[in-house]
Visitor: 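Following this message is one structure expressed as C-alpha cells.
When reading the values below, keep in mind they use all heavy atoms of this one structure, side chains included, and skip hydrogens, waters and symmetry mates. Chain naming here is simple, since letters A, B, ... match the order of the sequence lines and numbering starts at 1 in each.
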Amino acid sequence: MDIPKTYDPKQAESQHYARWEREGCFAPEINRDPNAPVFTIVIPPPNVTGSLHMGHALQHTLMDVMTRHKRMCGFRTLWLPGMDHAGISTQLMVSRELKKEGLTRHDLGREKFIERVWKWKHESGGQILNQMRREGASVDWSRERFTMDEGLSRAVREVFVRLYEEGYIYRGNRIVNWCPQDQTVLSDLEVEKTPEKGKLYYLQYPVKGSERRVTVATTRPETMLGDTAVAVNPKDERYGDLVGATLILPIMNREIPVVADEYVDPEFGTGAVKVTPAHDPNDYEMGLRHDLPQIVVIDLNARMTQDAGAEFFGLDRYKAREKVIEKFEQLGLLEKVIDYEFSISKCERCKTVVEPLIMLQWFCKMDEMRELALGLMRREGKPRFTPQVPYEKVYTDWLENLKDWTISRQLWWGHQIPAWYTKDGQVFVARSEEEARAAAGTDELTQDQDVLDTWFSSALWPFSTLGWPDETEDLKTFYPTSVLVTARDIIFLWVSRMVMTGMKFMKETPFDDTFITGTVLDKHGQRMSKTKMNGIDPLDVFDKYGVDATRLVLASIGSTDTRWNDNQVEAYRNFANKIWNAARFCLMNSEGARVGRGFEKPGEEWALHDRWIVSRLNQTARVVNDAVNAYQFHEAVHTLYHFFWDDFCDWYIELSKQEVSAEAASEERDGARSRLLTVLEQALRLLHPFMPYITEELWQRLPGVDEKLLHPAYRETTHPTIMLAEYPQANAELIDERAESEMQAVINLISRVRNIRTEMNIKPSERVRLIIAAPYEAQRAVFEASRAAVARLARTSEILIRERLEAPRASARAVLAGGAEVAVPLEGLIDFETERARLSRETEKLQKESAKLEAQLANPQFVERAPAEKVSEIRERLGDITERVRRLTETLEAIK
RNA sequence: GCCCGCUUGGCUCAGUGGUAGAGCACUCGCUUCACACGCGAGGGGUCAAUGGUUCGAAUCCAUUAGCGGGCACCA
C-alpha cells in the first residue's frame, strides 16, 4: 500500500477543487430534487482591489462550512460570489498607475479613464477570487457578480429613480465631509475620528463701542476668518447683557452679532463660541437657526479663499492657522494657548483631515427607510443577530439616530448619477438618457458628473445579484437569503442598508440571520493592519499547515475575538495527520471489505465496541448538526475532534485491531473491516464541511465508494464526491446508552491498569497478570466479553474474573465504579511504600468528595428544596464513593 | 459622558445554577506491527475582587478594578 506516513496537504489541495468546479458541484442546479429546501448566502463582496486577509478567510470558512453542510443535507444551495467596484480605492490605484506615466486622469478624460480602469480590473483586479479557490470556497462561479455589471448597474439606476420619485433622494446644499486629498465628499461612516494632541486657542473679539472683549476658544483659529457670529447660552449670566451686541471680528474687521443659543455649553471653554456656519456642522445648524451668513473661507483644496482676505488667499489651512495666531498676537488679542486633546475627523482611506464644507450634493433621506428596518426588527426580530448581544442593540441604536446619507461622490469610477440637466439647470432623473430627453423635451442635456457611493450599490447586493428588477427565477428561488456572514465594522455601512433597501424594494428581509464574526488579532491583542505590518497572510498559513487545518482554527474562532496563535493551527495540522493515518490503517486492512451505506440497526455479530462506536457516531452527528445549525462552530469542531481522535482512533481502532488484522480472509474479519471502513467514511462525511480537502482525498481511496453514498438529490448527476454525500443524521435507535456505559467500564478498567503499570514502573514490554472482581453478574459478563481487548490494551498475560477479590498480598490494586476491583499481582516487583502512598492518595481524594456530598445531604434544606432526582443522584454517588472508600481501606489494611 | 462586552490552569480559548474542561506548553515512561505531526501515565485553576439572591453560584443580581468595543460631545 503506497500511502505516505505523513499527510501532504498541498497534494490534496491541488487535486479536488478544479474537478468540483468543473463538474458543477457548487451550482444549485446539481440538486435534482424539485422539492429540496433552499439555502442561500451572498458573499460580502470584497473590493476589486483587495487581496485575501484573515478576516476574509474567517468569513469564507464559516460560509463554506454552512454551505457544504446544507448541500450535504440535500438543500439546493447557492453561495454567490462577487466583488464591489470600490470607487475611491480603485480610482486611486489606477490614478497612481497613470502618475507613473506622467499622466493624470484629466489628461485622459472621463471615458478613456474608465476604459483604463476596466482594463486594470481585467488584468490585475480580483486577485481574491483565485485565493478563494485555494480556500476551498464552494461558491457558484457561474453566478459571480460585480457591482459595475450591466445588470447590477441597472438595479442601481432603478433604485435611484424610484427613491427620487418618492422623495427619498434629493439634491441640496448642506454641510458635508470633504476629503481635500481624494477630492470627494464622504458619508459620515467613511470618516474616522481619531484622538489627537492639539492646541486650544483663546481669542479675544472686541465689543463694538466698548473696551470690553469677548474671549472664544477654538482648535481651528483659521476658521475665524469666516465667523459670522459669537454664540452664548441664553442662561449664562456672564454674557446676558451682551446678547444682541455687536463684535468686531479681528483681522477682518467685520461686525458680527452675539447670539443666544441653547447649544452652547456654559461650562466649556469660556462659554462663548465663535460661529463659522460654512465650516463646522454645529455652527452650520446654529447659523440656520439665527439666519447667519455663510462665508466660505476654505476651498476644495483646503486652501483659503478670496473671502478670507487678500493676505490669506491661497494659503494652506495650516499655514493660515499660524498666520492668524501671529496676527492675534500682534493685535494683543491672543489670550492664551493651551495643550488640548481632541478627536479629529479623518478620511478613512487616506487619513487626510476632512474639511466640513457646504456643498451641493445628493442625499438619501433615511427617516422612513430606517423605520422599515426598525419595524422588521420589532415585528419579526429580523435579522436575528449572532451573537445577539451586543449586535442587535448596536444595530437598532444606530438606526434610531440615523441621519441623511450623502450618496454622491466626486469620482469617475462608479455608477454615474442618472440625473440630467437642461441648460437652464432643470433636473431630470431617469433610467436612461432617452427617458430623460423625453421628459425634458430636449436633447441638450448634461448628465450629472458625480457617481454614487459604492455602498449604494452594495446595499442592493442580495437582490441585484439575483436579477432584480426583473422577476427572475433566481430571485424567486433564492431571495430572501438564509444568512449573512460579515464583520462587525460594516453593520452600519452595509448590513443595515441592505435591510432597508430589501424591505423597500423586495418587501422582505434580505436575510433571516446575520452572523457577525470575531476579529482575528495579533498575538498582542492588536488589530491586524497594513500600517502596523502585523498582519498574518492566510496564504502563508495555508502553505505552512494546510488549508484544512487553518479552516478548523477559523471555524473555532467563529464570533470570538481571538489572538492568532500558530500553535493552534499546528494542533489541527496534527489532527489532519491523525485522520490521514487512521485512514491509512483502515486502508492497509481493507482487503475483502467495502464501505457500507451507513448503519441502520445493530448487527447480530456486533461486539460491544461496535455498538459503542455507532452510538458515539450518532451522538456526534446529533451534536454537530445542531451546533452548525445554531452557528456554534467551535462546538462542532471540538466534538468532531474528540470523536475522531479519542473515540475512533484511541479506542475503536485499537479494539478492532485483533479481528481486523487477521491474515486470513474470513466472514468475521471482513465484516469487522467493513464496519471499520464504514465508521471512517461516516466520520469523513461529518468532517467534510470543515476539512474539504483531506476528506475528499481519503474518501476517493476507500473501497466501495460510489454514487449510492450520495444524497438522493445528487445521485447520477456527477462522479461520486464526498461533497455530495449525505450528511450523517443521528438515528435515535442507534444511540445505545447501555453500550456506552459498558464500554466506559471497560475503558476505566484498562486505564486503571495502565495507571498501575506506570506508577509501579512496569516496563511496557512486560506482561502482567490481572485479577478482576465484580459483584454483579452483568459486570462480569462485560469484562468476560472484553477479555481480549483488555489483554491487548492493558498488556496482560492472564486475566481472572471473579465475584470477590482474592489476590496475593503483593498486588497493586484499584477500585472501580460499581463495586468492581482489580488487582495486579506483583511478586518481587511491588514496593509497598509506593503502593500505600498511591492508595492513600486516592482514598483521600474520594473522602474529600464524599465529605462534600455528605454535607449536602445533611442539609435538610437541600433535601427539602432541591429536585428529588438531584437528591437521589447525590445519594447514589455517595453510595458508590463510600463503597470504594471501604474497599480501598480494606486493601490498605491488607498490605500493612 | 452614555451604552455594551470581557476577565476561567503558563498561553489561546470552551463551559453559563447542581462532581471545573480542551488544545498547546510542562513532568515521567515508550524503536507497542496507522501515526514521534505519535502512544501511555501524570502535575497544574480559591473560574478578577467584594457583597447579595439561592438548599446550592464560575454560572443570576449589585458594586469595584483592569482590558476591549460602540455611540455622542469635543467651541
Visitor: Base, sugar-phosphate, or nothing: which does A:K763 touch, judged by heavy atoms less than 4.0 Å apart?
Guide: nothing

Visitor: Name the closest nucleotide to the A:H642 side chain, picking from B:rU12, B:rC39, B:rA22.
Guide: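 Among B:rU12, B:rC39, B:rA22, the one nearest the side chain of A:H642 is B:rA22.
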
Visitor: Determine the Euclidean distance between corresponding P atoms of B:rU63 and B:rC6; express it in Å to zero decimal places.
Guide: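 Straight-line distance between the two P atoms is 15 Å.
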
Visitor: Using a cut-off of 4.0 Å on non-hydrogen atoms, how would the nucleic acid contact of A:N401 be classed: base, sugar-phosphate, or nothing?
Guide: nothing

Visitor: Using a heavy-atom cut-off of 4.0 Å across all strands, would you classify A:K870 as base, sugar-phosphate, or nothing?
Guide: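 It contacts base atoms.
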
Visitor: Run the side-chain contact (heavy atoms from CB on, under 4.5 Å) test on A:H279 and A:I175 for me, step by step, so that the C-alpha distance in whole Å, both residues' side-chain angles and the decisive distance to 0.1 Å come before the verdict.
Guide: CA-CA 8 Å; A:H279 297 289; A:I175 197 147; 5.8 Å; no

Visitor: Just call it for A:S556: base, sugar-phosphate, or nothing, with non-hydrogen atoms closer than 4.0 Å on any strand.
Guide: nothing

Visitor: First locate atom CG of A:L676, then atom CD of A:E681, and finally report the distance between them rounded to the nearest 0.5 Å.
Guide: 12.5 Å

Visitor: For B:rG45 and B:rG9, measure between their P atoms and round to the nearest Å.
Guide: 11 Å

Visitor: For the residue pair A:F268 and A:Y340, does the interplanar ring angle fall in the parallel (under 30°), tilted (30 to 60°) or perpendicular (over 60°) class?
Guide: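 Ring orientation, 0 to 90° scale: perpendicular.
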
Visitor: Which class fits the ring pair A:Y395 and A:F385: parallel under 30°, tilted 30 to 60°, perpendicular over 60°?
Guide: tilted

Visitor: Take atom C1' in B:rU27 and the same atom in B:rG44, then report the distance between them in whole Å.
Guide: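 My reading of the C1' atoms in B:rU27 and B:rG44 gives 11 Å.
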
Visitor: Do any side-chain nitrogens or oxygens of A:N755 fall under 4.0 Å of OP1 or OP2 in B:rG42?
Guide: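 For B:rG42, OP1/OP2 do have a side-chain N/O of A:N755 under 4.0 Å.
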
Visitor: Quick one: is B:rC73 close enough that its OP1 or OP2 comes under 4.0 Å of any side-chain N or O from A:S343?
Guide: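 For B:rC73, OP1/OP2 do not have a side-chain N/O of A:S343 under 4.0 Å.
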
Visitor: Determine the contact category for A:Q856: base if any of its heavy atoms lies under 4.0 Å from a base atom, sugar-phosphate if only primed atoms, P, OP1 or OP2 are that close, otherwise nothing.
Guide: base

Visitor: Scan A:V389 against the nucleic acid and name what it touches under 4.0 Å (heavy atoms): base, sugar-phosphate only, or nothing.
Guide: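 The answer is sugar-phosphate, as A:V389 gets under 4.0 Å only of primed atoms, P, OP1 or OP2.
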
Visitor: In plain terms, say whether A:K848 and A:E844 are close enough for a salt bridge, that is, a side-chain N and a carboxylate O under 4.0 Å apart.
Guide: no

Visitor: Looking at B:rU12, B:rU19, B:rC24, which one has an atom nearest to any side-chain atom of A:Q568?
Guide: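 Between B:rU12, B:rU19, B:rC24, the one nearest the side chain of A:Q568 would be B:rU12.
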
Visitor: Between B:rC13, B:rA20, B:rG38, which nucleotide has the shortest distance from any of its atoms to the side chain of A:R563?
Guide: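 Nearest listed nucleotide: B:rC13.
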
Visitor: If you check every side-chain atom of A:T6, which of B:rG38, B:rU12, B:rC37 has the closest atom?
Guide: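 Nearest to the side chain of A:T6 among the choices is B:rC37.
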
Visitor: Heavy atoms only, 4.0 Å cut-off, all strands: where does A:Y340 land among base, sugar-phosphate and nothing?
Guide: sugar-phosphate

Visitor: Taking A:R563 first and then A:D522, would you say they form a salt bridge - that is, a charged N and a carboxylate O separated by under 4.0 Å?
Guide: no

Visitor: Return the polar atom pairs (N/O with N/O) between nucleotides 27-34 of chain B and the protein under 3.5 Å, or none.
Guide:
from   : atom 1 : to     : atom 2 : distance (Å)
B:rA34 : OP1    : A:K657 : NZ     : 3.4
B:rA34 : O3'    : A:R584 : NH1    : 3.0
B:rA34 : O2'    : A:N581 : OD1    : 2.7
B:rA34 : O2'    : A:R584 : NH1    : 2.6
B:rA34 : N7     : A:K657 : NZ     : 3.2
B:rA34 : N6     : A:C649 : O      : 3.4
B:rA34 : N6     : A:E654 : OE2    : 3.1
B:rA34 : N3     : A:N581 : O      : 3.0
B:rA34 : N3     : A:A582 : N      : 3.3

Visitor: Contact list please: residues 267-278 of chain A against RNA chain B, heavy atoms, distance less than 4.0 Å, in numerical order.
Guide: A:F268, A:V273

Visitor: Taking the six-membered ring of A:F342 (Phe, Tyr or Trp), confirm whether the NZ or CZ of A:K193 is under 6.0 Å from its centre and within 45° of its axis.
Guide: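 Judged by the rule, A:K193 and A:F342 form no cation-pi pair.
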
Visitor: Measure from the side-chain heavy atoms of A:W645 and tell me the nearest of B:rA14, B:rC24, B:rG38.
Guide: B:rG38

Visitor: Determine the interatomic distance between P on B:rU53 and the same-named atom on B:rG69; round to the nearest Å.
Guide: 37 Å

Visitor: Between A:R752 and A:E842, does any side-chain N to carboxylate O distance fall below 4.0 Å?
Guide: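 Counted as a salt bridge, because a side-chain N and a carboxylate O are separated by less than 4.0 Å.
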
Visitor: How is A:T562 classified with respect to the nucleic acid when contacts are heavy atoms under 4.0 Å: base, sugar-phosphate, or nothing?
Guide: sugar-phosphate

Visitor: Identify whether any heavy atom of A:N859 sits under 4.0 Å from a base atom; if not, whether one sits that close to sugar-phosphate; answer base, sugar-phosphate or nothing.
Guide: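 Counting heavy atoms under 4.0 Å across all strands, the contact made by A:N859 is with sugar-phosphate only.
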
Visitor: Scan A:L200 against the nucleic acid and name what it touches under 4.0 Å (heavy atoms): base, sugar-phosphate only, or nothing.
Guide: sugar-phosphate

Visitor: Using the rule given for side chain to side chain donor-acceptor pair (under 3.5 Å), can you reason through A:N589 versus A:S661, listing the C-alpha separation, both sets of side-chain angles and the distance that settles it, and then say yes or no?
Guide: CA-CA 6 Å; A:N589 295 282; A:S661 45; 5.2 Å; no

Visitor: Under 4.0 Å, heavy atoms only, any strand: does A:F492 hit a base, just the sugar-phosphate, or nothing?
Guide: sugar-phosphate

Visitor: Please state the C1' separation for the pair B:rA34 and B:rC26 - nearest whole angstrom.
Guide: 27 Å

Visitor: Which part of the nucleic acid, if any, lies within reach of A:R573 when heavy atoms closer than 4.0 Å are counted: base, sugar-phosphate only, or nothing?
Guide: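 A:R573: base contact, heavy atoms under 4.0 Å.
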
Visitor: Rounded to the nearest Å, what distance is computed from the CG atom of residue A:L853 to the P atom of nucleotide B:rG18?
Guide: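 The distance from CG of A:L853 to P of B:rG18 comes to 15 Å, rounded to the nearest Å.
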
Visitor: What interatomic distance, in whole Å, is found between C1' of B:rG38 and the corresponding atom of B:rC24?
Guide: 16 Å

Visitor: Check whether NZ of the Lys or CZ of the Arg A:K336 lies under 6.0 Å from the centre of the six-membered ring of A:Y202 and within 45 degrees of that ring's axis.
Guide: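 Verdict for A:Y202: a cation-pi partner in A:K336.
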
Visitor: Using a heavy-atom cut-off of under 4.0 Å over every strand shown, decide if A:P867 touches base, sugar-phosphate, or nothing.
Guide: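 Counting heavy atoms under 4.0 Å across all strands, the contact made by A:P867 includes a base.
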
Visitor: OP1 or OP2 of B:rG38 less than 4.0 angstrom from a side-chain nitrogen or oxygen of A:N574, does that happen here?
Guide: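 Yes, such a contact exists.
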
